[in-house]
Structures are given as structure tokens and as C-alpha cells.
Protein chains: 2
Amino acid sequence: MTKVIAGASMSLDGFIAGPDETGFEHLFRWLGAGDVEVPTANPGHTLRMSAVDAEYLRDQWDNTGAIVVGRRLFDLTGGWGGAHPIGRPVVVVTHEAPTGWEDTPFTFVTDGVTSAIERAKALAGDRWVGVNGGTMARQCLEAGLLDTIGVDLVPVVFGKGVPLFGELANAPVLLGAPEVVVGSGVTHLRYDVLR
Amino acid sequence: MTKVIAGASMSLDGFIAGPDETGFEHLFRWLGAGDVEVPTANPGHTLRMSAVDAEYLRDQWDNTGAIVVGRRLFDLTGGWGGAHPIGRPVVVVTHEAPTGWEDTPFTFVTDGVTSAIERAKALAGDRWVGVNGGTMARQCLEAGLLDTIGVDLVPVVFGKGVPLFGELANAPVLLGAPEVVVGSGVTHLRYDVLR
């Protein structure tokens with residue numbers, strides 16, 4: 001059965017970006033800190049990481065059938081130049097669909113995150129739905145739509161910045177025992193959300 | 001050589017207490033979630049946890065020679081009824097020393113955290129100095145006094161609360177690769193602070 005997983009690289013103190021959109025060179029360092037090549041859907045962009053991290057990431061990408069993101073992340077990345085790095089369809093939650101994105105891997109949903117998750121599940125088939133971005137992750141968690149939280153915990157302390165979830169209407173949220181994979185410059189933790 | 005280590009049980013999103021001093025039943029659940037008894041310095045208070053967690057905690061306690069805390073934690077716990085659970089001398093950073101605590105394991109330092117760490121190092125001998133409480137941990141980290149951060153990462157999301165460090169004058173702080181011990185209801189992570 002498909003499941004919905006929110007994932008992010010996160011500082012030890014819980015931030016997915018430092019103050020004023022800084023700190024990504026620390027958060028994403030592990031994606032370029034080794035010798036094992038992991039190609040992305042963009043031919044000009046290959047990641048290079050440790051063997052353990054590459055195996056973990058490939059497994060996660062193979063298992064993911066569709067992605068849900070918010071409009072902000074879509075705009076920030078310019079629609080990833082036309083294809084998300086993992087090469088799967090992307091559902092974008094937005095107030096208004098942009099033009100010029102017909103016949104692309106991008107679908108725009110204007111009636112909220114629950115609808116977006118449903119659309120993504122249909123696209124994902126038996127695979128997982130990945131949720132990217134703190135606001136989307138929070139909305140999914142609050143709506144009871146999230147099955148799993150995957151955190152790539154990075155050895156840096158930011159002190160402040162953009163939190164993974166931020167304030168939650170339904171806190172505290174209890175999680176199960178994590179799957180732990182010790183990488184190079186990162187510790188991968190995957191928790192099921194308890195209900 | 002002695003080292004200075006700040007330690008805390010922390011939620012996945014970086015809080016050492018939930019909003020309004022709540023959530024301790026989640027943060028400290030692992031200390032009572034198993035069958036292996038770990039006696040404390042208080043004869044009436046024995047912890048019971050998994051074998052892996054007990055081994056980790058005993059090792060940490062054996063290695064610790066003195067503790068530094070702030071006045072707030074000292075007052076909150078009522079001076080732990082006269083003895084800190086790990087049975088080591090405690091240096092309390094305060095503006096004014098209370099009376100009635102002569103000839104106890106508690107020393108009061110009124111000239112700041114650097115002085116408190118020096119005093120604790122003298123008490124600890126070859127063992128570690130443990131720093132408890134978010135404000136003390138932050139002050140030590142900002143003053144360059146902290147060698148290691150030990151986080152007991154608990155599978156709960158609070159959304160808001162008391163952060164481990166909070167805003168830092170010297171952020172971002174880079175850490176080394178962690179020592180990882182997978183416990184029961186907790187993941188122990190110990191990082192060296194890079195300088």
C-alpha cells in the first residue's frame with residue numbers, strides 16, 4: 001500500500017534552512033561528499049556521496065512514485081528546470097495554476113493539500129508519496145495525512161531558521177522507533193507517525 | 001583530558017521541553033521503559049530502561065566527574081533533594097548564592113559560566129564536565145567552552161517549546177560525525193564541536 005512520507009535534510013536543532021535562507025551548503029553537503037555517483041533526472045546534475053548514503057537515497061527514490069510540494073518551493077527552484085531530480089511526477093499545491101506547464105511532469109492542485117495527496121497517490125500507484133517543504137509537511141501532519149517522517153540529520157546547529165514543521169495544531173505528535181542509517185556527514189532517521 | 005559535554009533529551013524538532021514546561025513524560029519515557037535498573041544517588045529513585053540504554057547511561061555517568069547547571073534548573077528541582085541523580089558535585093551558576101547549602105555537593109559561582117566550568121573541571125579531575133539546561137549549554141557553546149554535544153533524540157514532535165540552544169551568537173556551529181547508539185524509545189547521538 002502506498003504511504004505518505006515527508007523528508008528533509010535538517011540541522012541537529014530542527015531547521016531545514018538557516019536564517020534568511022542560508023545554510024544549504026551545510027544541509028546538503030552529504031549529497032556531494034563522496035565518490036558514488038547518483039544521477040538525477042537532470043542530465044547535467046549528478047550527486048556524489050558515500051556508498052551508504054547512495055544506497056539509502058536510491059532506495060528512497062526507487063520507492064517514491066510521486067512528489068507533493070508547495071508553490072513556494074516550486075517557484076524557488078524554477079520547477080527544477082522542468083523535471084524533479086528524482087524523475088517522478090510532481091503535484092504542486094497552489095492558489096492559482098501557472099500557464100505553460102501543460103504536458104510536463106507537473107500537476108497543479110488548487111483545492112488544498114488533501115486533494116493534492118489524493119492526486120499524488122493516484123500517480124504513485126504502489127509507491128510512496130513524498131512530501132517536500134516544511135509548510136506542506138506541517139499541513140499533512142496536521143491533516144493526519146502523513147505516515148512517515150524521514151529526516152536526514154546533519155551535524156550543524158543553526159540556532160534559528162526555518163523549522164521542519166513549526167507550530168502544530170495537533171502537538172505533541174508521537175512517533176515510532178526509527179529506522180537508523182549512519183551515513184557520512186548525515187544520520188538518516190525514518191519514523192512512522194503514531195495515531 | 002577532561003572535556004565539557006552538554007547533554008539533554010530532545011524532541012525530533014529540537015526542543016528540550018514542550019510549551020509551558022510540558023512534554024517531559026515523552027522526553028524522559030526512555031528512562032523508565034525497560035527492565036534494567038539504574039540506581040541514582042537518591043535511594044528512593046531507581047531508573048528502569050533497556051539494556052542498551054542502561055549501558056550508555058552508566059558509561060556517561062561513570063565518565064562524568066562534575067555537573068554545571070543554571071540557577072533555574074537548581075531551583076526547579078529543589079537542588080534534586082540534596083544530591084544530583086548521578087552523585088557528582090554540582091556547580092550552580094547564579095547571581096547570588098543561597099544560604100543553607102554549605103557542606104553539600106553544591107557549589108555556587110557568581111562570576112559567570114567560564115568561571116563555573118573552571119571550577120567544575122577542578123572538581124572533575126580526569127572525568128568529563130556535564131552541562132545541563134539549555135541556557136547553560138548555549139552560553140558554553142557561545143563562549144567556546146563546549147567540546148561535545150550529547151543528544152538523546154526522542155521520537156516526538158512538539159512544534160514549539162524550549163529549544164536545546166536557541167539563538168546563537170556564533171551560528172552556524174559545525175559538528176563532527178556522531179557516535180550513534182540506537183536505544184529503546186531514544187536514539188543517542190554524541191557530536192564533537194568543531195572549531
Side-chain angles (χ1 to χ4, degrees), chain A residues 6 10-16 18-19 22-27 29-30 33 50 134 137-138 141-142 146 149-151 153-161 163-194, chain B residues 6 8 10-16 18-19 22-27 29-30 33 50 134 137-138 141-142 146 149 151 153-161 163-194:
Chain A
M10 189 178 86
S11 71
L12 178 60
D13 53 344
F15 298 107
I16 60 172
T22 60
F24 297 113
E25 75 276 27
H26 304 300
L27 289 172
R29 180 172 295 157
W30 67 276
S50 81
R138 177 177 55 74
L141 191 54
E142 287 183 335
L146 211 58
I149 297 171
V151 164
L153 197 66
V154 172
V156 64
V157 179
F158 284 149
K160 63 177 177 176
L164 173 56
F165 293 111
E167 288 193 33
L168 287 166
N170 57 337
V173 174
L174 304 185
L175 311 174
E179 177 192 346
V180 180
V181 174
V182 178
S184 184
V186 62
T187 307
H188 307 285
L189 303 163
R190 213 145 49 187
Y191 297 88
D192 284 340
V193 177
L194 303 183
Chain B
M10 190 178 86
S11 71
L12 178 61
D13 53 344
F15 298 107
I16 59 172
T22 60
F24 296 113
E25 75 276 26
H26 303 299
L27 289 173
R29 179 171 294 156
W30 66 277
S50 81
R138 177 177 54 74
L141 191 54
E142 288 183 334
L146 210 59
I149 298 171
V151 164
L153 197 66
V154 172
V156 65
V157 179
F158 284 149
K160 62 178 177 175
L164 174 56
F165 292 110
E167 288 192 36
L168 287 167
N170 57 337
V173 174
L174 304 185
L175 311 174
E179 177 191 345
V180 181
V181 174
V182 178
S184 184
V186 63
T187 307
H188 307 285
L189 302 163
R190 212 144 51 185
Y191 297 88
D192 283 341
V193 177
L194 302 185

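Because the structure is predicted, anything quoted here is derived from the model rather than measured. Proteins get letters first, then strands, A, B, ... in listed order; numbering begins at 1 in each.
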J.: I need the minimum non-hydrogen distance between B:P155 and A:G176, along with the two atoms involved.
T.: CB-O, 3.4 Å
J.: In terms of heavy-atom pairs under 4.5 Å, which option from A:L168, A:V156, A:T22 contacts chain B the most?
T.: A:V156
J.: B:F158 versus chain A, heavy atoms under 4.5 Å apart: side chain, backbone, both or neither?
T.: both
J.: Can you list the steps and then say if A:L153 with B:L189 is a side-chain contact (heavy atoms from CB on, under 4.5 Å)?
T.: CA-CA 11 Å; A:L153 197 66; B:L189 302 163; 3.6 Å; yes
J.: Which one of A:A177, A:G166, A:G14 has the most heavy-atom pairs closer than 4.5 Å to chain B?
T.: A:G166
J.: Between chain A and each of B:S11, B:G18, B:G159, count heavy-atom pairs under 4.5 Å; write down the option with the most.
T.: B:G159
J.: Output the option from B:S184, B:P163, B:P172 having the highest count of non-hydrogen pairs under 4.5 Å with chain A.
T.: B:P172
J.: Specify which of A:R138, A:M10, A:K160 makes the most heavy-atom pairs with chain B at under 4.5 Å.
T.: A:K160
J.: If you measure from CG on A:D13 to CZ on B:F165, what distance do you get to the nearest 0.5 Å?
T.: 8.0 Å
J.: I need the single residue from A:V173, A:V193, A:L164 that forms a side chain to side chain contact (heavy atoms under 4.5 Å, CB included) with B:V157. Which is it?
T.: A:V173
J.: Measure distances from B:L174 to the heavy atoms of chain A and classify the residue's part below 4.5 Å as side chain, backbone, both or neither.
T.: both
J.: Check whether A:P178 gets within reach of chain B through its side chain, its backbone, both or neither, counting any heavy atom under 4.5 Å.
T.: side chain
